[in-house]
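Everything on this sheet refers to the single structure shown next.
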Amino acid sequence: MNIHWWDEAQFQFGQFKMPFSLEERTSSRFIDFQERSFVNNGSLTPGKERGAMVHGTPFKGVNYALAFSTGQGKNTNDEDLREDSNDVILHADANFAEILGYKDSIIHVGASFANGDLGAAAASKQRTEGRGIEFFAPAAFTTVDGTMERTRYGFETALAYGPVKFQGEYNKANFEGQNSSTVSFDKDISAYYVEALWLVTGENYSDAYKKGKFDRIKPKNDFNPDFKSGLGAFEVGARYSEFDANDFGDSTGTTGTGLIAAGNAKKADSWTLALKWLPTANSRMLLTYVNTSFDTPVTLW
């Protein structure tokens, strides 16, 4: 439920997308590539969770959000409030092109922050962007008092002029706790991507940008089977993405500190190339190539 009496302050309750990450806030119907990047990891980027939020647009081109969530992910309640605390999530972004009145441009800059306590749990697993293999699956953390602190940071930007767009994000998550009376852990996971896209048929990305995220692209001319009045919109794009969990130890480390088994990789990078055809604003077809490299050999199954 979203109560929208004022643009400056809306109130949302229930299960919804948390205000974190430009890529995550953009609907899967409108994301730039067939799949999201390595930034789209449950430890790095909260998705849909149960909670409450106040958000709005207090000034032209400026958006904010303050949310409280379970921090447990989709369809999951807090298991023990003595050990878990609700996540506090903050987000703010600004489109300086809109503020300055540049209609054909986007100069988007944003930042996000989330913090909360978790019960003993594992960092989220990670698979390749093409969903071909799961390469990072750490064991659960264990703590003396049954709780650990998770802090997440996110930074995002999107720069566009007419039919050309550059976009990038960097997200980082930190897990901190006391494993025993003498052993503590302080582990980081990070990921980022950079991408470039071009609407060959000349549409403007600024037309698809609304209140800090991207919506559907509308072709200048919808596809018509006679090939005379329109072909729809065509877009080409390239993305480089990297995942880094070098802080996590292998099977020879201390039990309960997020160890990974043999056959897992701590680091991976990925190249994605894509050709997109949008016959109309409500349909699209994608041809995507993804190549992923790992820091160590990975067991397929």
Side-chain angles (χ1 to χ4, degrees), residues 20-24 31-47 73 112 114 118 120-143 148-157 166-177 179 183-197 237-274 288-301:
F20 205 106
S21 170
L22 175 59
E23 188 180 54
E24 177 63 30
I31 54 177
D32 292 322
F33 296 88
Q34 189 165 326
E35 301 291 348
R36 291 184 169 95
S37 70
F38 284 141
V39 166
N40 184 241
N41 172 285
S43 288
L44 294 167
T45 303
S112 305
L118 294 173
S124 295
K125 300 176 182 179
Q126 182 62 54
R127 62 189 177 189
T128 58
E129 293 177 4
R131 305 195 179 201
I133 184 176
E134 184 180 276
F135 64 87
F136 176 74
F141 294 103
T142 58
T143 61
M148 63 180 179
E149 183 179 14
R150 179 181 61 188
T151 305
R152 294 179 276 190
Y153 309 88
F155 304 95
E156 61 191 49
T157 186
F166 300 94
Q167 184 171 312
E169 291 190 62
Y170 173 82
N171 285 9
K172 181 178 180 178
N174 174 262
F175 299 86
E176 188 173 356
N179 178 253
V183 178
S184 61
F185 58 84
D186 187 353
K187 305 285 187 178
D188 291 335
I189 299 177
S190 63
Y192 73 88
Y193 72 85
V194 290
E195 64 184 38
L197 298 112
R239 177 177 69 199
Y240 176 78
S241 183
E242 184 174 289
F243 176 87
D244 187 345
N246 271 329
D247 260 10
F248 284 69
D250 56 27
S251 56
T252 62
T254 303
T255 302
T257 58
L259 304 182
I260 61 172
N264 279 231
K266 301 178 188 177
K267 192 171 182 178
D269 60 78
S270 182
W271 279 99
T272 301
L273 303 174
T288 305
Y289 170 81
V290 183
N291 181 277
T292 305
S293 300
F294 308 100
D295 63 334
T296 58
V298 174
T299 302
L300 293 178
W301 47 72

Inset, instruction - Taking ring pair (Phe, Tyr, Trp, His ring centres under 6.0 Å) as the test, write out the residues that go with Tyr240, two or more places apart. - result: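 If we apply the ring pair (Phe, Tyr, Trp, His ring centres under 6.0 Å) test to Tyr240, skipping adjacent residues, the hits are Trp271.
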Quick one: closest heavy-atom pair of [X] and [Y], and the distance?
X: Phe135; Y: Phe243; value: CE1-CD2, 3.8 Å
X: Ala268; Y: Phe294; value: CB-CD2, 3.8 Å
X: Leu273; Y: Ala238; value: CD2-CB, 3.7 Å
X: Ser270; Y: Val290; value: OG-CG1, 3.3 Å
X: Ile260; Y: Pro138; value: CG2-CA, 3.7 Å
X: Ala265; Y: Val298; value: CB-CG2, 3.8 Å

Inset, instruction - Could you tell me which residues satisfy salt bridge (charged side-chain N to carboxylate O under 4.0 Å, His left out) with Glu169, sequence neighbours excluded, listed by chain and number? - result: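 Applying salt bridge (charged side-chain N to carboxylate O under 4.0 Å, His left out) to Glu169 gives none.
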Legend entry - Pairing residues for Lys172 by the salt bridge (charged side-chain N to carboxylate O under 4.0 Å, His left out) criterion, not counting sequence neighbours: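 Expected list: Asp188.
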With the side chain counted from C-beta on, respond yes when [X] and [Y] share a heavy-atom pair under 4.5 Å apart, and no when they do not.
X: Phe175; Y: Ile189; result: yes
X: Val39; Y: Leu44; result: no
X: Phe33; Y: Glu129; result: no
X: Glu242; Y: Lys267; result: yes
X: Thr296; Y: Lys266; result: no
X: Phe141; Y: Asn179; result: no

Mind checking the [atom1]-[atom2] spacing from [X] to [Y]? Nearest 0.5 Å is all I need.
X: Asn171; Y: Tyr153; atom1: CG; atom2: OH; answer: 12.5 Å
X: Ile133; Y: Thr292; atom1: CD1; atom2: OG1; answer: 10.0 Å
X: Thr143; Y: Leu118; atom1: OG1; atom2: CG; answer: 10.0 Å

Legend entry - Option from Glu23, Arg239, Glu195 for which side chain to side chain donor-acceptor pair (under 3.5 Å) with Ser37 holds: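 Single side chain to side chain donor-acceptor pair (under 3.5 Å) partner of Ser37 among Glu23, Arg239, Glu195: Glu23.
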Inset, instruction - Only one of Asp247, Thr151, Asp186 passes side chain to side chain donor-acceptor pair (under 3.5 Å) with Asn174; say which it is. - result: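 Exactly one pass, corresponding to Asp186.
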Inset, instruction - On the 0 to 90° scale, with breaks at 30° and 60°, tag the Tyr192-Tyr170 ring pair as parallel, tilted or perpendicular. - result: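 Rings of Tyr192 and Tyr170: tilted, as their planes differ by 30° to 60°.
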Inset, instruction - Give a yes or no on whether a salt bridge exists between Glu35 and Arg127, defined as a side-chain N under 4.0 angstrom from a carboxylate O. - result: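 Salt bridge absent between Glu35 and Arg127.
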Legend entry - Sidechain-backbone polar pair: Glu156 side chain, Leu22 backbone, donor-acceptor under 3.5 Å: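 Yes, because the side chain of Glu156 sits within donor-acceptor range (under 3.5 Å) of the backbone of Leu22.
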Inset, instruction - Ignoring hydrogens and angles, tell me if any N or O in the side chain of Ser43 forms a donor-acceptor pair with the backbone of Ser124 under 3.5 Å. - result: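 Looks like yes, one N/O pair under 3.5 Å.
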